[in-house]
Amino acid sequence: MPELPEVESFRRYFEATALGQKVVRLEINAPKIVQSPIAEVESALINHTLVSTDRIGKYLFVQTSANKTLMLHFGMTGELEYFRDIDLTPRFTRVLFWLENGFLAFTDPRKFGKLAVGNSIAEFQQAKKLSTDALTITLTEFAKNLGKRKMPIKSALLDQKVAAGVGNWIADEILFQAKIHPQTLVWQLTTEQIALMYQKMQAILRLAVQHEAYYRDFPRDYLIHSRGWTDEEPANCPNCDSKIPHIYISGRASYYCEQCQNLII
DNA sequence: CCCCATGTTGTAGG
DNA sequence: TCCTACAACATGGG
């Protein structure tokens, strides 16, 4: 479930299970996920140690002792799973890292995930035109990246050039808590509204990372409980109890409260 | 069977 | 050239 908080959990999981270990073998079951030539991936990893991890937005980076950077992106359904017994290899394993002391599987049923090797994080960040991570970005940069564009704010928040790591539910949650209608055009937002979105974004991300992205533990007044998401009952607005509708904005389902989030046009 | 899905990217059109 | 909308990607699950 990879938005910024989930990927941060994956990063910590990677550190806890695989860091400091040597890769002894690599098994690639879904070649389309691998974006670099196999020979480059192998020379960056095989017989090399996994030295450190970093994260920008939804991208996880691993430095190897070959002085190369491994990039992992989890698409919609990617996850990491460490295990000791090869017979326990999970379903949907697309890439399997054989380590000295166990196995790390990159699982991804939908195969939208990506894995690549490069020389540095900066190289990837430039190539993807990726913004600063949403947890460390300043208000000034956030406002500058939003600019005066004419698209709905919901679409702009999903643009990884604005604040790296914001995904669909986080964008909805930011707008709900800031009481801004998702279809409000960016150029119409006031300085105060942008500052408020920024504060909410920081608070939501910090809380989600603290809870390891386990949304059931989020505060009761978060919109996320109201979207009829996975196996939970859809609920009404935690503030005003009105029904939460959903609309599509540039192809993505967007949940909001008609009473609490005003559309200014 | 039909529809939906947590993301990114290439392309078409203005 | 810049900006925006949207289909496409591949697959499982309700």
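Heavy atoms only: backbone and side chains are in, while hydrogens, waters and symmetry mates are out. Fair warning: this is a prediction, and the values are worked out from it, not measured in the lab. Here is how names work: the chains are called A, B, and so on, in the same order as the sequence lines, proteins then strands, and each is numbered from 1.
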To the nearest Å, how far apart are [X] [atom1] and [N] [atom2]?
X: A:Q160; N: B:dT9; atom1: CD; atom2: C1'; result: 12 Å
X: A:E212; N: B:dT6; atom1: CD; atom2: P; result: 23 Å
X: A:K129; N: B:dT9; atom1: NZ; atom2: C1'; result: 11 Å
X: A:K154; N: C:dC6; atom1: NZ; atom2: C1'; result: 15 Å
X: A:K150; N: C:dA5; atom1: NZ; atom2: C1'; result: 15 Å
X: A:E6; N: B:dG7; atom1: CD; atom2: P; result: 9 Å
X: A:F112; N: B:dC4; atom1: CZ; atom2: P; result: 15 Å
X: A:M76; N: C:dC9; atom1: CE; atom2: C1'; result: 10 Å

So what does [X] hit on the nucleic acid, given a heavy-atom distance under 4.0 Å: a base, only sugar-phosphate, or nothing?
X: A:F92; value: sugar-phosphate
X: A:G75; value: sugar-phosphate
X: A:K58; value: sugar-phosphate

Within the 3.5 Å criterion, strictly below it, is a donor on A:E141 or A:T132 matched to an acceptor on the partner's side chain?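 Present: a donor and an acceptor within the cut-off.
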
Under 3.5 Å, is there a donor-acceptor pair linking the side chains of A:E212 and A:S9?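 Not at all, the side chains of A:E212 and A:S9 share no donor-acceptor pair under 3.5 Å.
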
How far, in whole Å, is C:dT4 from B:dT6 if one measures between their C1' atoms?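 Result for the C1' pair: 23 Å, nearest Å.
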
Listed by chain and number, what are the salt bridge (Lys or Arg N to Asp or Glu O under 4.0 Å) partners of A:K58, not counting sequence neighbours?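 Per chain and number, A:K58 pairs via salt bridge (Lys or Arg N to Asp or Glu O under 4.0 Å) with no residue.
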
Which nucleotide in [options] has an atom nearest any side-chain atom of [X]:
X: A:K128; options: B:dT9, C:dC9, B:dG7; answer: B:dT9
X: A:R94; options: C:dT11, B:dT6, C:dC9; answer: C:dT11
X: A:M151; options: C:dA10, C:dT4, B:dG7; answer: C:dT4

Problem - A:W169-B:dT6 aromatic stacking (under 5.5 Å, under 30°) - result: no

So does [X] get a side-chain nitrogen or oxygen closer than 4.0 Å to the phosphate oxygens (OP1/OP2) of [N]?
X: A:R252; N: B:dT6; answer: yes
X: A:Y248; N: B:dC3; answer: no
X: A:H73; N: B:dG7; answer: no

Pairing string of DNA chain C (Watson-Crick or G-U wobble, both atom distances under 3.5 Å; | = paired to other strand) is .||||||||.||||

### Query
If we only count heavy atoms from C-beta on, is the A:I153 to A:Q193 side-chain gap below 4.5 Å?
no

Under a 4.5 Å cut-off applied to non-hydrogen side-chain atoms, are A:C257 and A:N239 in contact?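 Not in contact.
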
Exercise. Mind checking side chain to side chain donor-acceptor pair (under 3.5 Å) for A:R149 and listing every partner two or more places apart, or none if nothing turns up?
Key: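 In terms of side chain to side chain donor-acceptor pair (under 3.5 Å), with neighbours along the sequence ignored, A:R149 is linked to A:D159.
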
Would you please classify the geometry between the A:W98 ring and the A:F103 ring as parallel, tilted or perpendicular, with 30° and 60° separating the classes?
perpendicular

Quick one: sort the A:H225 and A:Y215 rings into parallel, tilted or perpendicular, breaks at 30° and 60°.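 The arrangement is tilted - the two ring planes meet at 30° to 60°.
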
